[in-house]
Amino acid sequence: MRFTVSLPPDQFDLQRCIYSGQVFRWITLAEDRWQGVDGGHWYRVTQKEPGLYEVETNGDEATFRRLFRLEWDAQAIREELLQRGPELEPYLGSLAGLRLMAPSDPVETFFSFLCTPNNHIARITTMVGALASYGSPLEGNLYRFPEAEVVAGIPEAVLREQKFGYRGATIPRAAGELARRGGRAYLESLKSASYEAAIEALISFPGIGAKLADCIALFALHHTEVIPVDTHIWQAATRLYFPEWRETSMTDLKYKAVSRHLRERFGEYAGWAQQYLFLDSVLNWRSRAKG
DNA sequence: TAGGGACCTGCC
DNA sequence: GCAGGTCCCT
């Protein structure tokens, strides 16, 4: 079906959302045209003018609006974040329209973030696309991401041939463990678990540490109060809140302290704050690397 | 506990 | 050299 979405640009900037490291299954078809997959749905989106998107999909308007959390008022959330942390102003100011997304398929998100450690976004996108092609076809060359059992059955050698490197071993191993615990139903059950319980469950997977567990809790299980502390957030957090830890390396203890501080400061909107801090850091990594 | 190094590949 | 880290080792 086809429909249009009309929102002010400061409420919704699709390009910023899909290239901010939350999802890895979108490509740019033309300057103002994108294509993406989320769960069992594909979307082709054309920006007709600022604030007006035309969407073609095998899903419907509700699935699209859920994916981008369009029912959340981004302006109100930005104001709330500024109340809780005025120091966020420079980060929020230049990234209008960026939104925290809500990917619908926890299995797809689980494996997407298993591709991210010690990696960069361009290659992550390639790898997630390669894994997705083991799933069932949706339309053209678009696939629904496969279940854990299927990923578990991919031989390490095959993934290594596909340039997965050492992740060719860790991904099927984690998949086997997920399948053993019940696959999709297991991840769904963690949605209603407490943050602490979900993290404890996720962190016991091979290849998943504190950071990936937080990413999966935020993007797959929709625990919006979570703020994964990656290298970018670590830089920002030590600059803003833990100056005594600047230039030091992260440890388990520091991770917990920073994570808890940010979670308590920004509450249920911590995930949104993370998105602004992360994208700002990625876009400015050149200048920031200098000093 | 806190450090330090290895790990695949690709792009600066 | 270093990427949205994790694991293993002193």
Side-chain angles (χ1 to χ4, degrees), chain A residues 16-26 91 95 98 100-101 103 108-131 154-175 177-178 199-220 226-239 242 244-259 262 270-290:
Chain A
R16 279 195 176 136
C17 292
I18 63 176
Y19 286 118
S20 58
Q22 319 186 60
V23 293
F24 303 94
R25 300 201 60 199
W26 288 76
Y91 301 94
L95 293 175
L98 177 60
L100 177 68
M101 294 176 67
E108 174 174 4
T109 302
F110 178 92
F111 288 108
S112 295
F113 280 95
L114 232 21
C115 294
T116 63
N118 195 19
N119 210 346
H120 50 267
I121 289 184
R123 185 156 78 116
I124 294 165
T125 302
T126 306
M127 290 167 62
V128 174
L131 287 179
I154 308 174
E156 173 183 347
V158 172
L159 290 179
R160 291 217 175 233
E161 276 172 31
Q162 297 190 81
K163 310 300 181 188
F164 275 66
Y166 59 85
R167 298 177 195 78
T170 59
I171 289 173
R173 196 175 304 147
E177 178 61 19
L178 178 54
I199 293 304
E200 186 182 354
L202 291 169
I203 219 167
S204 65
F205 279 89
I208 297 184
K211 194 281 184 169
L212 283 202
D214 273 347
C215 284
I216 294 165
L218 174 59
F219 295 113
V226 176
I227 181 156
V229 184
D230 58 32
T231 152
H232 298 283
I233 301 301
W234 173 250
Q235 294 297 323
T238 54
R239 197 164 55 241
F242 296 87
E244 68 275 21
W245 284 343
R246 283 188 62 169
E247 310 297 315
T248 71
S249 60
M250 172 113 68
T251 66
D252 235 32
L253 220 55
K254 291 181 194 168
Y255 187 102
K256 285 192 177 64
V258 171
S259 168
L262 295 173
W272 290 76
Q274 185 266 356
Q275 215 47 50
Y276 287 102
L277 290 170
F278 174 77
L279 185 56
D280 174 84
S281 177
V282 167
L283 295 177
N284 297 304
W285 71 272
R286 285 170 198 278
S287 54
R288 210 171 290 283
K290 291 288 183 184

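Convention: sequence-line order gives letters A, B, ...; per-chain numbering from 1. Side chains are part of it too, since the values below use all heavy atoms of this structure and drop only hydrogens, waters and symmetry mates.
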statement: Taken to the nearest 0.5 Å, the spacing of A:Arg167 CZ from A:Arg123 CZ works out to 5.0 Å
- prompt: A:Arg167 has an atom CZ; how far is it from atom P of B:dC7, in whole Å?
  reply: 13 Å
- prompt: Under the criterion side-chain contact (heavy atoms from CB on, under 4.5 Å), which of A:Ile124, A:Thr125, A:Leu131 is the partner of A:Val128?
  reply: A:Ile124
- request: For B:dC11 versus C:dT6, give the span between their C1' atoms, rounded off to a whole number of Å.
  value: 23 Å
message: From the set B:dA2, C:dG5, C:dG4, return the single nucleotide nearest to any side-chain atom of A:Gln274.
response: C:dG4
- request: Take atom CG of A:Asp252 and atom C1' of C:dC9, then tell me their distance rounded to the nearest Å.
  value: 16 Å
query: Counting just side-chain N and O atoms, does A:Arg160 come under 4.0 Å of either OP1 or OP2 of B:dC8?
result: yes
task: Considering just the side-chain nitrogens and oxygens of A:Thr251, establish if one lies under 4.0 Å of OP1 or OP2 belonging to B:dA2.
output: yes
message: For the P atoms, the ones on C:dG5 and on B:dT1, what distance do you get once it is rounded to whole angstrom?
response: 24 Å
field: Pair assignment for DNA chain B - dot-bracket with | for other-strand partners, Watson-Crick or G-U under 3.5 Å
entry: .||||||.|||.
- prompt: With distance as the sole test, does A:Asp280 use its side chain to make a donor-acceptor pair with the main-chain N or O of A:Tyr276 at under 3.5 Å?
  reply: no
query: Between C:dG1 and B:dA6, how far is it from one P atom to the other, in whole Å?
result: 14 Å
task: Could you work out the separation of B:dG3 and C:dG4 based on their C1' atoms and round it to a whole Å?
output: 22 Å
message: Would you say A:Thr248 and A:Lys254 are linked by a side-chain donor-acceptor pair, where the criterion is simply a distance under 3.5 Å?
response: yes
- line: From CD of A:Glu161 across to P of B:dT9 the rounded distance in Å is 11 Å
message: Please give me the minimum heavy-atom distance between A:Phe278 and A:Gly21, naming the atom from each residue.
response: CE2-CA, 4.2 Å
- prompt: Crowded around A:Glu247 CD? As in, over 12 foreign heavy atoms under 6.0 Å?
  reply: no
- prompt: Within this structure, what is the CD1-to-P distance between A:Ile216 and C:dG4, rounded to whole angstrom?
  reply: 17 Å
query: Taking atom P of C:dT6 as reference, at what distance in whole Å does atom CG of A:Asp230 sit?
result: 10 Å
- request: Would you please classify the geometry between the A:Phe110 ring and the A:Phe205 ring as parallel, tilted or perpendicular, with 30° and 60° separating the classes?
  value: perpendicular
task: Remember a base hit wins even if backbone is also touched, and classify A:Phe278 as base, sugar-phosphate or nothing at under 4.0 Å, heavy atoms.
output: base
message: Measure NZ/A:Lys163 against C1'/B:dC8 and give the value in whole Å, please.
response: 10 Å
task: Scan A:Ile233 against the nucleic acid and name what it touches under 4.0 Å (heavy atoms): base, sugar-phosphate only, or nothing.
output: nothing
query: For DNA chain C, what residues of residues 118-129 of chain A have any heavy atom nearer than 4.0 Å?
result: A:Asn118, A:Asn119, A:His120, A:Ile121
task: Could you tell me whether A:Gln22 contacts a base, only the sugar-phosphate backbone, or nothing, with contacts defined as non-hydrogen atoms closer than 4.0 Å?
output: base
- prompt: At their closest point, which heavy atom of A:Ala217 faces which heavy atom of A:Leu202, and how far apart are they?
  reply: N-CD1, 4.1 Å
- request: Figure out the OH/P separation between A:Tyr166 and B:dG10, and round it to whole Å.
  value: 14 Å
query: Do the side chain of A:Thr126 and the main chain of A:Ala122 share a donor and acceptor less than 3.5 angstrom apart?
result: yes
message: Any base atoms under 4.0 Å from A:Ser20, or only sugar-phosphate, or nothing? Heavy atoms, all strands.
response: base
task: Quickly work out the A:Leu212 CG to C:dA3 C1' distance and round it to whole Å.
output: 14 Å
message: Would you measure the distance from the C1' atom in B:dG10 across to the matching atom in C:dC7 and give it in whole Å?
response: 23 Å
- prompt: Is a side-chain donor or acceptor of A:Thr238 paired with a backbone partner of A:Trp234 at a separation under 3.5 angstrom?
  reply: yes
